[in-house]
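Notes for the one structure printed next.
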Amino acid sequence: MKEDINITLPDGTKTTHPKGVTGNEIASSIGPGLAKAALSIKVNGELYDLTRPILEDTKIEILTDKNEESKSLIWHSTSHVMAQAVQELFPGTKVTLGPSIADGFYYDFDTEKPFTTDDLEKIEAKMTEIISGDHAFTRKTIQRDDAIKMFKEKGEDYKLEILSEIKDDTVSIYTQNDWTDLCRGPHVPSTSAIKSFKLLKIAGSYWRGDEKRQQLQRIYGTSYHNPKELEQHLKRLEEAKLRDHRKIGKELELFAFHDIAPGSPFWLPNGMILIRELEKYLREKLDDAGYVEASTPMLVKKSLWEKSGHWDYYRDSMFIVDEGEEVYALKPMNCPESTYIYSAKTRSYRDLPIRIAEIGRLHRNEVSGALGGLFRVRQFTMDDAHIYLLPSQITEEVSGCMKLVTEFYSTFGFEPKYFFATKPDKALGDPDLWVKAEVALKSALDSQNIDYELKEKDGAFYGPKIDIQVKDAIGRSWQLATIQLDFVLPERFELNFIDEHDKKQRPVMIHRAIFGSFERFIGVLIEHFSGNFPTWLAPVQAVVIPISEKHLEYATIVYESLINTGVRVNLDSRSEKMGAKIRESENMKIPYMLVVGEKEIENSTVSVRKHLAGDQGQKPLEEFIKEIREEITERRLNNLN
RNA sequence: GCCCAUGUAGCUCAGUCGGCAGAGCGCGUCCUUGGUAAGGACGAGGUCACCGGUUCAAAUCCGGUCGUGGGCUCCA
């Protein structure tokens with residue numbers, strides 16, 4: 001006789017089922033509607049196939065397409081269908097890995113001939129055919145040795161490599177429509193759960209992500225149970241494209257790239273305004289936070305890089321200038337040179353912490369395939385700072401850095417998220433100092449009640465760090481700021497200070513950046529704001545639009561009063577119709593358009609039109625000036641995004 | 001760096017089978033003087049990324065170089 005097991009439903013209801021009951025059976029016992037909608041079952045927190053027997057007392061949850069988690073099942077299942085389609089269409093193709101990812105799935109194939117865009121259509125057609133067959137995904141547990149035999153017969157070398165790494169005696173395989181893959185699962189019950197899918201792109205990849213190993217062909221796709229969701233997903237991709245900083249940067253004349261300097265932006269006057277405003281804001285903040293500013297040479301002898309260790313580990317990414325007698329290199333980082341500012345004179349413990357900021361232009365010879373718009377460049381400007389301090393000052397100083405970062409980000413509407421990375425296996429520096437520093441960093445986080453994620457062993461070899469990510473207006477995360485402790489550089493450059501007993505001691509060093517690089521940060525800002533910058537950042541803050549030539553005189557008065565109060569304003573005196581001028585100003589995303597005609601001259605007013613918000617009506621000129629000045633000075637967000 | 005795609009006017013892009021280089025926007029000149037997202041006419045503007053090959057003939061086909069875009073760390 002079969003024994004019974006107790007199943008607890010999410011609402012707390014307890015039911016009894018025979019041992020070996022499946023998710024399908026439980027769902028049916030609850031209701032036919034649920035049985036039909038069910039995609040998977042969560043057993044003690046682990047996802048199971050609906051056909052997999054449950055063997056012990058447990059809490060369960062039946063998942064339908066309403067649950068986010070079930071999406072990854074659909075994606076993963078679709079990747080199997082795609083792999084089947086590919087192998088049917090292109091015999092001889094070997095399968096490798098095909099996981100679900102953030103918004104879909106991919107599968108990597110080893111194939112003689114790379115796929116083309118036309119192939120994608122063929123593969124999609126074949127997949128549609130397979131899916132319409134309503135084939136069940138069936139799980140089978142088999143002996144590892146049997147699996148090895150099976151995949152050997154199929155010539156699936158990559159699966160054999162995976163099998164050789166699995167230590168269990170048994171492995172699971174999944175079959176749909178006579179096509180079988182080694183897979184941990186779980187899967188949706190049947191291909192019919194895949195209601196809509198799309199293959200998105202073909203890309204190259206490497207087996208195990210290792211460029212020294214076999215080059216593979218990767219196909220990305222996504223799929224949904226609800227066709228509407230696919231539509232929404234594709235729409236989101238379109239929207240992200242509209243925000244692309246490369247597109248907006250061109251339209252708003254912020255920067256340009258030229259073949260003559262791959263990976264290095266040419267900053268156009270409008271983009272330069274962004275840089276200047278950010279620098280200005282940064283410097284205000286740094287002054288308040290007790291920083292001093294320095295500037296170090298861009299081109300230095302290689303002996304510096306030998307001393308810092310970069311020559312051994314970083315040389316491939318450095319631009320080297322060999323002018324005959326001496327080899328120089330363009331600095332890829334500011335830190336080694338910063339130590340020369342510190343050691344320019346004897347430091348007392350009373351002087352610490354010393355906070356040295358540097359807006360430093362750096363060059364890194366990134367491989368050509370890594371470049372991308374402002375996000376990955378060869379020349380960039382870092383908002384760097386190096387803080388020299390006593391070990392006992394770590395908590396307070398790191399707290400200060402985090403406060404600075406948080407304040408900074410709030411100005412842009414970014415929510416920071418913190419990551420605490422601890423000592424990696426390969427680490428240099430005094431182990432005692434590592435322990436103390438990690439405790440100090442943790443207490444800095446705790447003292448400010450900051451939620452953070454622990455990234456164990458993810459610190460730099462020279463010290464633990466706190467990384468800070470922000471989420472932008474459409475929910476994407478960006479890693480921008482970092483606060484890193486360094487025990488190695490002070491050692492290498494023999495930095496010291498005189499302590500209260502007149503003894504030389506070694507300081508600790510903090511590297512910190514708030515927005516990382518101006519280039520990347522501006523790229524993120526462009527996409528975050530969709531180019532609709534808050535007024536304080538907008539390259540042109542207002543444009544005066546006279547209705548006709550008759551109003552040009554008054555328009556000039558308006559224009560000059562704004563100029564005189566420091567507003568970046570244009571006067572559009574062309575003989576165009578007002579509608580055309582407004583259209584162009586809207587396209588250039590200028591925050592304020594000031595229309596002036598007969599009525600405005602009579603009343604000494606301006607008609608204010610706000611970007612994306614439309615006509616705001618008349619307002620005395622003085623009032624408008626006061627308001628825009630306030631908005632700019634307070635660096636207010638405009639909430640247009 | 002590697003795989004795929006791609007490069008035509010300042011910008012966005014057409015260019016079929018290899019047969020005289022195109023459009024819209026922008027720019028210049030002139031006309032027009034207007035009330036909240038494009039007024040009109042005329043005109044200038046090209047080493048079809050670069051180098052080589054095939055051909056009577058190349059933007060178009062082939063090879064190479066350079067640039068750009070996507071991907072190459074989401075673990076059966």
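The chains referred to below are lettered A, B, ... by the order of the sequence lines, with proteins before strands, and numbering in each begins at 1.
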| task | Check each residue of residues 540-549 of chain A for a non-hydrogen atom within less than 4.0 Å of any atom in RNA chain B, then write out the ones that pass by number, or none. | result | A:Ile547, A:Ser548, A:Glu549

| request: Tell me which residues in residues 261-272 of chain A put a heavy atom below 4.0 Å from RNA chain B, sorted by number, or none. | output: A:Pro262, A:Gly263

Have a look at [X] and say if it touches a base, only the backbone sugar-phosphate, or nothing, with a 4.0 Å heavy-atom cut-off.
X: A:Arg609; answer: base
X: A:Glu251; answer: nothing
X: A:Lys599; answer: base
X: A:Ser585; answer: nothing
X: A:Gly98; answer: nothing
X: A:Gly579; answer: sugar-phosphate
X: A:Glu156; answer: nothing

| query | Which residues pass the ring pair (Phe, Tyr, Trp, His ring centres under 6.0 Å) test with A:His187, sequence neighbours left out? | reply | A:His76, A:His80, A:Phe137, A:Tyr174

Candidates [options] - which lies nearest the side chain of [X]:
X: A:Asn587; options: B:A37, B:G39, B:G35; answer: B:A37
X: A:Tyr106; options: B:U36, B:C74, B:G34; answer: B:C74
X: A:Met578; options: B:U36, B:C75, B:A37; answer: B:U36
X: A:Ala580; options: B:U36, B:A38, B:C31; answer: B:A38
X: A:Arg246; options: B:G69, B:G39, B:G35; answer: B:G69

| request: Ignoring backbone atoms, test whether A:Lys550 places a side-chain nitrogen or oxygen under 4.0 Å from the OP1 or OP2 oxygen of B:G34. | output: yes

Under 3.5 Å, which protein N or O atoms sit close to an N or O of nucleotides 40-45 of chain B? Give each pair with its distance.
none

| said: Hydrogens and angles aside, do A:Arg208 and A:Tyr206 bring a side-chain donor and acceptor to less than 3.5 Å of each other? | reply: no

Do the two ring centres, one from [X] and one from [Y], sit under 6.0 Å apart?
X: A:Phe151; Y: A:Tyr158; value: no
X: A:Tyr592; Y: A:Phe624; value: yes
X: A:Phe115; Y: A:Phe109; value: yes

| task | Determine, for A:Glu586 against A:Lys610, whether the closest basic-nitrogen to carboxylate-oxygen distance falls under 4.0 angstrom. | result | no

Are there any protein N/O atoms within less than 3.5 Å of an N/O atom in nucleotides 61-65 of chain B, and if so, which ones and at what distance?
none

Those residues that, when tested against [X], pass salt bridge (charged side-chain N to carboxylate O under 4.0 Å, His left out) (two or more places apart):
X: A:Lys417; result: A:Glu453
X: A:Asp244; result: A:Arg246
X: A:Glu156; result: none

| Excluding sequence neighbours, so at least two apart, what forms side-chain hydrogen bond (donor to acceptor under 3.5 Å, both in side chains) with A:Thr175? | A:Thr180

| field | 5' priority, RNA chain B, between A:Lys201 and A:Asp615 [closest heavy atom] | value | A:Asp615

| task | Nearest-nucleotide wise, let me know which of A:Val367 and A:Tyr220 is further upstream toward the 5' end of RNA chain B. | result | A:Val367

| request: Could you check which nucleotide pairs with B:U6 in any of the strands shown, counting Watson-Crick or G-U wobble with both distances under 3.5 Å? | output: B:G67

Mind listing the side-chain donor-acceptor pairs of residues 253-271 of chain A below 3.5 Å, one per line with the distance, residues two or more places apart or on another chain?
unit_1: A:His258; atom_1: ND1; unit_2: A:Ile260; atom_2: N; d: 3.0
unit_1: A:Asn270; atom_1: ND2; unit_2: A:Leu252; atom_2: O; d: 2.9

| said: Rounding to an integer number of angstrom, what distance separates B:G43 and B:A23 when you compare their P atoms? | reply: 12 Å

| Contact state string [nucleotides 23-29 of chain B, B base, S sugar-phosphate only, - no protein heavy atom under 4.0 Å] | -------

| note | Heavy-atom contacts, protein to nucleotides 2-14 of chain B, under 4.0 Å, summarised as B (base), S (sugar-phosphate only) or - (none) per nt, yield BBS------SS--

